[in-house]
Amino acid sequence: MEEPEMQLKGKKGNARSRAGRRVQELADRQPDREGKDKDVTDKFTESVYVLANEPSVALYRLQEHVRRSLPELAQHKADMQRWEEQSQGAIYTVEYACSAVKNLVDSSVYFRSVEGLLKQAISIRDHMNAATQSHR
């Protein structure tokens with residue numbers, strides 16, 4: 001004999017007939033029941049089956065879930081977009097700083113050249129000062 005939960009999970013036609021058979025089996029176990037009670041039980045079982053499997057109930061539950069979770073999802077999306085913008089800004093800053101450091105390292109040749117020219121200029125100045133003092 002099938003469990004009541006299993007009776008509701010089947011093809012539409014088979015489930016109704018199984019539900020009817022289940023009700024009939026229960027009624028057969030209790031012979032003192034009147035036919036009226038059986039009819040009420042049959043109608044009740046069929047109503048429960050129809051209501052439990054009604055597509056509009058499923059759609060209502062889905063709509064209810066979406067209505068509850070949508071504001072939170074929208075907030076998460078806005079937060080993620082804000083974090084992405086902040087991340088892009090930070091990435092740009094880091095790339096710019098790395099580029100500046102690389103350019104400084106590459107320009108060390110020019111600094112050495114300038115240093116050599118400054119030493120020459122100081123040396124020439126010292127010679128000129130020495131020459132002007134010796135002419136006095």
_Measuring only between side-chain heavy atoms, which start at C-beta, is S113 closer than 4.5 Å to V109?_
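Of all side-chain heavy-atom pairs linking V109 with S113, none is under 4.5 Å.
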*Side-chain H-bond candidate by donor/acceptor type, N129 with Q133, under 3.5 Å*: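 No, no side-chain donor-acceptor contact under 3.5 Å.
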_side-chain hydrogen bond (donor to acceptor under 3.5 Å, both in side chains) partners of R61, counting only residues at least two apart_ =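 Checked R61 against side-chain hydrogen bond (donor to acceptor under 3.5 Å, both in side chains); matches are E64.
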*Has the side chain of T93 got a donor or acceptor atom that lies under 3.5 Å from a matching backbone atom of G89?*
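Confirmed, T93 side chain pairs with G89 backbone.
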Interatomic spacing from [atom1] in [X] to [atom2] in [Y] - rounded to 0.5 Å:
X	Y	atom1	atom2	result
Y60	H65	OH	NE2	14.0 Å
L117	E115	CG	CD	10.0 Å
Q88	I91	CD	CD1	5.0 Å
Q63	R68	CD	CZ	10.0 Å
T132	H127	OG1	NE2	13.0 Å
L73	Q75	CG	CD	10.5 Å

*Are K43 and D39 close enough for a salt bridge, meaning some N to O gap below 4.0 Å?*
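Result for this pair is no, no salt bridge flagged.
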*Which of these passes side-chain hydrogen bond (donor to acceptor under 3.5 Å, both in side chains) with D79: Q81, K77, R82?*
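Between D79 and the candidates, side-chain hydrogen bond (donor to acceptor under 3.5 Å, both in side chains) is satisfied uniquely by R82.
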_CD (E72) with more than 12 external heavy atoms under 6.0 Å_ =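 No, because the 6.0 Å sphere around CD of E72 holds 12 heavy atoms or fewer from other groups.
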